[in-house]
Amino acid sequence: MEEKKNKSIKSLNELKNGEKGTIVSFNDKGNNELKRHLLGMGFVKGSEITFEKTAPLGDPIKLKLKGYSICIRKNEAENIKVQLVI
Amino acid sequence: MDDIRIGLAGNPNVGKTTLFNQLTGLHQHVGNWPGKTVEKAEGFLNFNKHRINIVDLPGNYALSAHSIEEVVSRDFIVDESSNLIINVIDANNLERNLYLTIQMMELGTNLIIVINMNKFAKKREYYININELTKLLGVPVVEIEASDGTGEEKLLELVEKAVNNPVDSSKKLVYGKELGEHLQDLQKFIEEDKSLLNVPSSWTAIKLLENDDIIIEKVKNSRFSAKIFKELEKLQKHLNDVFGESSEEIIANYRYAFIDGLIKETVQKPEIEKITLTDRIDNIVINRILGIPIFIAILWTIFQITFIVGTPIQNLINHGFRILGEYILIIFGKTWFSSLIVDGIIGGVGGVLTFLPIIFLMFLMISILEDSGYLARAAFVMDKIMHKLVGLHGKAFIPMILGFGCTVPGIMATRTMEHERDRLLTMLIIPFMSCSARLPVYAFFVAGFFTIYQGEIILSLYLIGIIVAIIVAFLLKKSLFKGMTSPFVMELPSYKLPSVKGVLMHTWEKGYAFIKRAGTIILAASVIIWILSSLPIGVEYGAQESITGQIGTFIAPIFAPLGFGNWQSAVSLIFGVVSKEIVVATYGTLFGVVESGSGITATLHGLFTPLSAYAFMVFVLLYVPCFASIATVKQETNSWKWPLMMVVITTLTAYTISFIIYQGGILLGFG
């Protein structure tokens, strides 16, 4: 059971188009400013995020959370871990 | 009764500026916040014998010390003698919008909440219980449609009431027992120092837990700082043990938990979200395959419209000034006065004013793109290129492209960028985008010195400009802008039909600012150049004997290693600072021959080789942009530091690159 759960935890940038997840952790890797900004934009634990699409050149990515659309770069998304929602 | 002073606060793209325009109409003034590059719009209206002064605060998502815009808003709420803050909220996006509201409530701000775009929310089957929300928040909530003025009257009545009976909005805010109790422990220590009590102690406590740099500095100056920080440290450790998260995260979680509670009580949402028009448009506009072609098509359209509509008007203005000049010569004869008007003022200010149609049109289109919501999509599509090449935000792309038309609107368009350092860096490299005023210079020299590959040579100049911009941006990030990170994080707002009024007001404001500059800084600079070119008394305008000519002769040797160490080139470069297309006209005057006659070409061949002509064109491409651009940077940054920086950087760059090209060319045997 525990193992199954871990398998469905991914980095936000690894989601595929249309996949949803809830935030489980957010490692800021020292970039405090970015984290503070993202917290304010709604990237808090438990928030549900939908991965909508990738930009034509492969970066950044477009997400939907709390009813609005936001885009962030992949390297900004990789420190956010989400639990897949099926 | 006294004047009422209120601030308009809210997230970006919620219709805050639309409401501001709707309320104040033409009674507004746009400037900068003292000492900041952040735009400050102020206006007023009269209501029930009150004069209500309104300040449109920058659009913010939070009130941290995260960005200059946030600090500006926060300082206004904390320090300025405002009676009330109107918080504009997008009904479609209540959750995230309330995050800012909550932070203003933490400050106990006297608030009115304005729910905008509720019509659209209802279409999406979002139903907000306004009465319930008013009750739960403990502050007045009113529904409006900023675009058509619905609810305005009611809002103004509420403003009057709220100003007379201010409410401490922090009353209803609760962050749960656990955090609440700990905050109170910390507050006790803060309250011991009276000098910290110009803001609620609970707010200071929260900001300390959030590691807010500005508040930490402030508390450090307190007599009780040691005690406060000791308690803070204890608290942070305790919270970390209990929640396993940093205190910043915990605060954000509690805020959103409070909002979740509000939403559950007051908003009814459909089971399955309806697909909005914005989603449908985005499926096409930022599509993997179509995204870039659509972006290019839009850019192409901007330039087509600008030049197809703008150029004839530009020619007309030019023609008008020429006729005016001829009349003045007829009326006053060839006197110093007519020379001042014709050579100095019409040549300088008039030359710059001919760019007005282009500037207006570019601004009109940028306003439309911005207000419609497309500008954010353009940044999304182009961010990778900008980030990889110049280390800048995707939003820097459009201003840089506009620079190919005219540097002035390019620099002004950097206003769409949120972070100040991103903005400054972008401003500094925009002049390297070869503007349309430089084209006549290239055309003149290419026609005179190159019989084949003419198009390719002009193209190469544009490419050199782009490459140099990339290199200079790279070097600046390693030096002046060291440690600059530009996170991309950007909201993609819903598409909207731009309002005609909003777009026109925005365009007019920009265009008017330019006219004002033409009448002040540019006029002054033109007159100075004219005086220098006319003295000592009796010399031919701009001749070698004039002061300008003497300066040119004096500095000419500096340009010898670049291949154009003659005084005529030096003088034309001095005039070129007024405006680039004057460079060509200057040669006409200097050689005393009719413009574009074959005489000039022959004389030119005595001064230039094809290689040195090329080096000269590169210099014109890269060196100091015109007065208009310098003055624009001065106005946008509100200081002389950045325009001077721009002059130094562009001149050094131009010298270096021309030097490499000329000397390299000689080594390779092109001399």
Side-chain angles (χ1 to χ4, degrees), chain A residues 9 12-13 16-20 22-82 85, chain B residues 60-67 90 92-97 99-100 103 124 126 210-212 245-246 248-249 251-253 255-257 259-260 269 273 278-279 282-283 286-292 295 376-377 379-385 387-388 394 485 487-494:
Chain A
I9 291 182
L12 184 54
N13 61 318
K16 293 188 188 71
N17 287 7
E19 278 187 337
K20 269 185 198 172
T22 48
I23 297 186
V24 289
S25 76
F26 188 159
N27 182 342
D28 64 359
K29 293 236 170 98
N31 193 346
N32 222 328
E33 278 300 302
L34 175 67
K35 182 170 173 177
R36 198 177 294 167
H37 192 35
L38 286 175
L39 284 173
M41 304 289 281
F43 289 75
V44 288
K45 226 182 236 184
S47 278
E48 190 175 280
I49 296 190
T50 311
F51 187 105
E52 291 210 318
K53 52 166 69 71
T54 308
L57 299 168
D59 199 17
I61 53 175
K62 182 191 177 207
L63 309 164
K64 195 158 237 176
L65 87 155
K66 300 203 178 291
Y68 77 101
S69 294
I70 187 168
C71 42
I72 65 178
R73 291 192 189 121
K74 280 184 172 169
N75 66 351
E76 292 163 346
E78 72 185 3
N79 299 322
I80 301 172
K81 296 272 183 274
V82 292
V85 177
Chain B
N60 297 135
Y61 295 106
L63 290 180
S64 65
H66 174 80
S67 71
D90 177 358
N92 300 277
N93 208 338
L94 215 52
E95 245 178 302
R96 202 211 52 225
N97 275 245
Y99 192 77
L100 178 71
Q103 294 189 53
R124 290 172 72 188
Y126 282 27
E210 283 192 296
N211 294 320
D212 184 284
E245 286 175 295
S246 68
E248 285 171 23
E249 246 173 307
I251 302 268
N253 288 344
R255 285 186 187 131
Y256 270 112
I259 295 170
D260 272 349
K269 281 186 189 175
E273 287 271 343
T278 295
D279 291 331
D282 268 349
N283 280 339
I286 54 175
N287 176 298
R288 274 212 110 133
I289 300 155
L290 294 175
I292 292 178
F295 173 72
R377 271 77 186 178
F380 177 70
V381 170
M382 297 315 291
D383 180 67
K384 182 150 190 201
I385 293 182
H387 188 55
K388 277 263 143 64
T485 54
F488 181 65
V489 188
M490 179 184 70
E491 183 188 357
L492 290 173
S494 299

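The basis for the numbers below is simple: all heavy atoms, side chains too, and nothing from hydrogens, waters or symmetry mates.
- Each of B:His387, B:Gln103, B:Glu210 has some count of heavy-atom pairs under 4.5 Å with chain A, and the biggest count is that of B:His387.
- Neither the backbone nor the side chain of A:Leu63 comes within contact range of chain B; no heavy atom of the residue lies under 4.5 Å from a heavy atom of that chain.
- For the set A:Ala77, A:Gly67, A:Ser69, the count of heavy-atom pairs under 4.5 angstrom toward chain B peaks at A:Ser69.
- The cationic group of A:Lys66 does not satisfy the cation-pi geometry with B:Tyr99, failing either the under 6.0 Å distance to the six-membered ring centre or the 45° limit from the ring axis.
- Contacts between B:Asn287 and chain A at a heavy-atom distance below 4.5 Å involve the backbone alone (N, CA, C, O).
- Remark: B:Asp279 engages A:Lys64 in a salt bridge, criterion side-chain N to carboxylate O under 4.0 Å.
- Only the side chain of B:Arg124 comes within less than 4.5 Å of a heavy atom of chain A; its backbone N, CA, C and O stay farther away.
- Distance check: B:Ile251 CD1 to A:Leu39 CG gives 11.0 Å after rounding to the nearest 0.5 Å.
- To the nearest 0.5 Å, the span separating CD on B:Glu273 from OG1 on A:Thr50 amounts to 9.5 Å.
- B:Tyr256 touches chain A through its side chain: at least one heavy atom from C-beta onward sits under 4.5 Å away, while N, CA, C and O do not.
- Pairing each heavy atom of A:Val44 with each of B:Ala252, the nearest pair is CG1-CB, 3.9 Å.
- Side-chain atoms of A:Tyr68 do not come within 3.5 Å of backbone N or O of B:Leu94 as any donor-acceptor pair.
- Applying the 6.0 Å contact sphere to NZ of B:Lys269 captures more than 12 heavy atoms from other residues, nucleotides or ligands.
- The residue among B:Ile289, B:Thr278, B:Asp282, B:Leu100 with the most heavy atom pairs within less than 4.5 Å of chain A is B:Asp282.
- Both the backbone and the side chain of A:Lys62 come within less than 4.5 Å of a heavy atom of chain B.
- Between A:Pro56 and B:Gly291, the shortest heavy-atom contact is CG-CA, 4.1 Å.
- For the side-chain contact (heavy atoms from CB on, under 4.5 Å) with A:Cys71, the qualifying choice from B:Glu491, B:Arg377, B:Met490 is B:Met490, the only one to do so.
- For B:Asn92, the part lying near chain A is the backbone, with the side chain staying farther off; criterion is any non-hydrogen pair under 4.5 Å.
- Note that OG of A:Ser47 and CZ of B:Arg96 are 12.0 Å apart. Values are rounded to the nearest 0.5 Å.
- Separation of atoms CZ (B:Phe488) and CD1 (A:Ile70) is listed at 10.0 Å; rounding is to 0.5 Å.
- Only the side chain of B:Ser246 comes within contact range of chain A, judged by heavy atoms closer than 4.5 Å.
- Taking CE of A:Met41 as the reference point, atom OH of B:Tyr61 lies at 4.0 Å (rounded to 0.5 Å).
- Salt bridge B:Glu248/A:Arg36: present, at least one basic N to carboxylate O contact under 4.0 Å.
- Between B:Val489 and A:Glu76, the shortest heavy-atom contact is N-OE1, 3.7 Å.
- In this structure, chain B has no heavy atom under 4.5 Å from any part of A:Ser25.
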List the steps, then state whether side chain to side chain contact (heavy atoms under 4.5 Å, CB included) holds for A:Lys35 with B:Glu249.
-> CA-CA 9 Å; A:Lys35 182 170 173 177; B:Glu249 246 173 307; 2.6 Å; yes
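- Between B:Ile385 atom CD1 and A:Asp59 atom CG the span is 12.0 Å, to the nearest 0.5 Å.
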